[in-house]
Trainee: 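The following block contains the structure, expressed as structure tokens.
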Amino acid sequence: MRLVRHPDVDWRASHLLHAAHLVAWPANFPASSWICFFLFWAINMLVIWRGIEMIKFLEGVGAPFMLVVGLVLLFWITGKAGGFGPVLHTQSKFTTRLSSCVSSFLHLPDGGLLVDGGAELPDFTRYAKSQRAQMVGQALGLPTAMTLYSFIGVAVTSASAVIFGEAIWDPVVLLGRFNQPIVALVALFALLLATLNTNVAANVVSPSNDFSNLRPSLISFRAGGLITGFVGILMMPWKLIGDFSSYIFGWLVGCSALLGPIAGIMIFDYYLVRRRRLVVEDLYRRGGAYDIGEGSTPRPSWRWQWVSRSHSWALLRQPCAGL
């Protein structure tokens with residue numbers, strides 16, 4: 001999934017870079033959007049090529065900067081809207097229980113996008129000094145930070161409705177409304193840094209490690225990152241997100257149908273079947289407790305059969321949705 005998510009974010013970030021280019025130098029020219037895309041893609045590859053230490057440095061510098069800029073922009077735009085009172089006074093658009101349920105259902109694709117994040121956490125938690133350190137880091141970095149930035153996004157969108165009479169959720173469009181180049185450049189730079197941090201950590205590191213683990217003697221982490229980058233280009237993100245209906249209900253919901261049950265099986269197996277007992281050495285040993293033979297087991301688990309059938313049914317239903 002991250003092989004597709006990575007170029008998708010690159011393509012979206014290229015629009016931010018293109019907007020920053022137009023603010024700094026208001027002269028558009030042919031292929032400028034493509035140049036911005038490949039430039040941002042190359043920056044991602046450069047960070048991966050420099051290794052995990054460069055990623056740690058980028059995260060260490062970028063996270064505090066993004067927090068400060070996010071809070072400054074929040075107070076700046078709410079000040080223009082007359083304070084938090086008018087911003088938070090906006091009534092909910094969901095007036096019935098049915099509309100609220102529909103809204104919750106529409107958030108399922110977001111869950112499909114994030115469901116595989118748990119499998120990527122060991123790519124970073126293995127560098128933690130202790131179990132307590134990684135627990136504190138995740139508690140501060142995931143629910144706390146995500147809640148804060150979600151509130152900033154909602155509050156800024158609500159403030160735009162107060163200032164301009166319409167809710168503007170796209171930050172590029174919103175910044176263009178103020179006609180203040182300095183503010184727009186600072187905000188766009190912060191968005192680009194946030195996108196770079198998120199994309200490298202969430203969407204590039206994991207597949208890079210996966211490719212490297214296929215043949216560690218031949219494929220290093222750097223080589224795995226380059227493979228990830230080039231495969232991402234072959235995914236053609238400009239076509240993938242060209243039709244949001246197929247992207248959301250085909251790709252994201254399809255991944256949810258596959259990865260959700262797999263996550264459930266992993267939790268069920270670890271907590272109920274194995275009673276939280278894991279033989280770490282056998283994970284890397286032939287003939288160990290987790291070895292299933294030459295690539296497949298002659299008696300596949302009924303749980304995995306159920307996952308494959310459920311996923312096949314979900315993918316089969318999508319082409320027939322409009323019939």
Side-chain angles (χ1 to χ4, degrees), residues 2 5-10 12-17 19-20 39-78 110 113-157 169-172 174-175 182-209 221-222 225 228-229:
R2 296 301 170 178
R5 183 59 180 164
H6 160 242
D8 170 21
V9 175
D10 283 347
R12 295 172 189 271
S14 68
H15 291 78
L16 293 174
L17 192 58
L39 177 60
F40 190 80
W41 176 88
I43 294 174
N44 280 264
M45 295 299 100
L46 177 62
V47 172
I48 287 294
W49 186 259
R50 296 295 299 271
I52 199 69
E53 292 300 324
M54 179 63 180
I55 298 174
K56 290 168 61 177
F57 171 78
L58 187 64
E59 296 287 337
V61 173
F65 174 77
M66 291 184 294
L67 178 62
V68 172
V69 171
L71 292 175
V72 169
L73 289 176
L74 173 64
F75 286 106
W76 175 74
I77 195 171
T78 51
D110 294 330
L113 182 64
L114 300 174
V115 71
D116 62 337
E120 300 169 2
L121 291 178
D123 291 325
F124 299 95
T125 55
R126 60 179 176 170
Y127 297 103
K129 294 181 179 180
S130 63
Q131 177 75 352
R132 181 180 183 276
Q134 69 91 11
M135 292 177 64
V136 172
Q138 291 193 60
L140 294 176
L142 292 178
T144 306
M146 291 179 72
T147 302
L148 173 62
Y149 283 110
S150 297
F151 172 76
I152 291 176
V154 172
V156 170
T157 303
W169 62 268
D170 189 335
V172 178
L174 177 61
L175 292 171
I182 300 299
V183 174
L185 280 176
V186 172
L188 287 171
F189 176 76
L191 287 171
L192 281 170
L193 183 59
T195 306
L196 178 64
N197 274 340
T198 304
N199 198 35
V200 170
N203 302 322
V204 183
V205 170
S206 178
S208 300
N209 283 327
F221 174 77
R222 291 178 174 180
T228 300

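FYI, side chains are in, hydrogens and waters are out, and symmetry mates aren't considered; it's all heavy atoms of this structure.
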Trainee: State whether the number of non-hydrogen atoms from other residues, nucleotides or ligands found under 6.0 Å of Phe189 atom CZ is greater than 12.
Mentor: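 No - once you tally the heavy atoms of other residues, nucleotides and ligands closer than 6.0 Å, there are 12 at most.
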
Trainee: Is any side-chain heavy atom of Leu58 less than 4.5 Å from a side-chain heavy atom of Ile55?
Mentor: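 SC-SC contact between Leu58 and Ile55 ruled out.
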
Trainee: Using 0.5 Å steps for rounding, measure from the NE2 atom of His6 to the OG atom of Ser206.
Mentor: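 Rounded to the nearest 0.5 Å, the NE2-OG separation comes to 12.5 Å.
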
Trainee: For the residue pair Phe65 and Leu193, what are the closest heavy atoms and their distance?
Mentor: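 That would be CD2-CD2, 3.5 Å.
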
Trainee: Can you tell which of Thr195, Leu192, Leu188 makes a side chain to side chain contact (heavy atoms under 4.5 Å, CB included) with Leu17?
Mentor: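 Exactly one candidate clears the test, Leu192.
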
Trainee: State the OH-CG distance between Tyr149 and Leu71, to the nearest 0.5 angstrom.
Mentor: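 Answer rounded to 0.5 Å: 7.0 Å.
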
Trainee: With a 4.5 Å cut-off on side-chain heavy atoms, are Val156 and Ile152 touching?
Mentor: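 Touching, per the 4.5 Å side-chain cut-off.
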
Trainee: Atom CE of residue position Met54 - does it have more than 12 heavy atoms of other residues, nucleotides or ligands inside 6.0 Å?
Mentor: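 Enclosed: over 12 neighbouring heavy atoms sit under 6.0 Å from CE of Met54.
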
Trainee: Check Pro143 against Gln138 and note the closest heavy-atom contact, atom names and distance.
Mentor: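 Of all heavy-atom pairs spanning Pro143 and Gln138, the closest is CD-O, 3.2 Å.
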
Trainee: With a 3.5 Å distance limit and no angle check, can you tell me whether Trp41 reaches the backbone of Asp10 through a side-chain donor-acceptor pair?
Mentor: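 No; zero donor-acceptor contacts below 3.5 Å.
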
Trainee: Would you confirm whether Thr78, through its side chain, and Phe75, through its main-chain N or O, come within 3.5 Å as a donor-acceptor pair?
Mentor: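 Flag set: sc Thr78 to bb Phe75 pair under 3.5 Å.
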
Trainee: Does Ala139 offer a backbone N or O that forms a donor-acceptor pair with the side chain of Thr144 under 3.5 Å?
Mentor: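 At least one qualifying donor-acceptor pair exists.
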
Trainee: How long is the gap from CE on Met66 to CG on Leu196, to the nearest 0.5 Å?
Mentor: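 Result: 9.5 Å between the selected atoms.
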
Trainee: Under a 4.5 Å cut-off applied to non-hydrogen side-chain atoms, are Phe57 and Arg50 in contact?
Mentor: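 No, too far: nothing below the 4.5 Å cut-off.
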
Trainee: For Val47 and Val200, which heavy atoms make the closest approach, and how far apart are they?
Mentor: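 Distance-wise, the nearest heavy atoms are CG1-CG1, 4.0 Å.
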
Trainee: With a 4.5 Å cut-off on side-chain heavy atoms, are Leu148 and Leu67 touching?
Mentor: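 They are in side-chain contact.
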
Trainee: Indicate yes or no: does Lys56 engage Glu53 in a salt bridge with an N to O separation below 4.0 Å.
Mentor: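 A salt bridge is present here (some side-chain N lies under 4.0 Å from a carboxylate O).
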
Trainee: Rounded to the nearest 0.5 Å, how far apart are CG of Asn44 and CG of Asn203?
Mentor: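 That separation rounds to 9.0 Å.
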
Trainee: Which pair of heavy atoms, one from Ser208 and one from Thr228, lies closest together, and at what distance?
Mentor: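 Reported closest heavy-atom pair: N-OG1, 3.6 Å.
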
Trainee: If I compare all heavy atoms of Phe221 with all of Asn209, which pair ends up nearest, and what's the gap?
Mentor: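 Taking every non-hydrogen atom into account, CD1-OD1, 3.2 Å.
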
Trainee: What are the two closest non-hydrogen atoms of Gly62 and Asn197, and how far apart are they?
Mentor: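 Residues Gly62 and Asn197, closest heavy atoms: CA-ND2, 3.5 Å.
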
Trainee: Within this structure, what is the CZ-CG distance for the pair Phe40 and Leu16, rounded to the nearest 0.5 Å?
Mentor: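 It is 8.0 Å, given to the nearest 0.5 Å.
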
Trainee: Rounded to the nearest 0.5 Å, what separates atom CE in Met135 from atom OG in Ser130?
Mentor: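 Reported value, rounded in 0.5 Å steps: 10.0 Å.
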
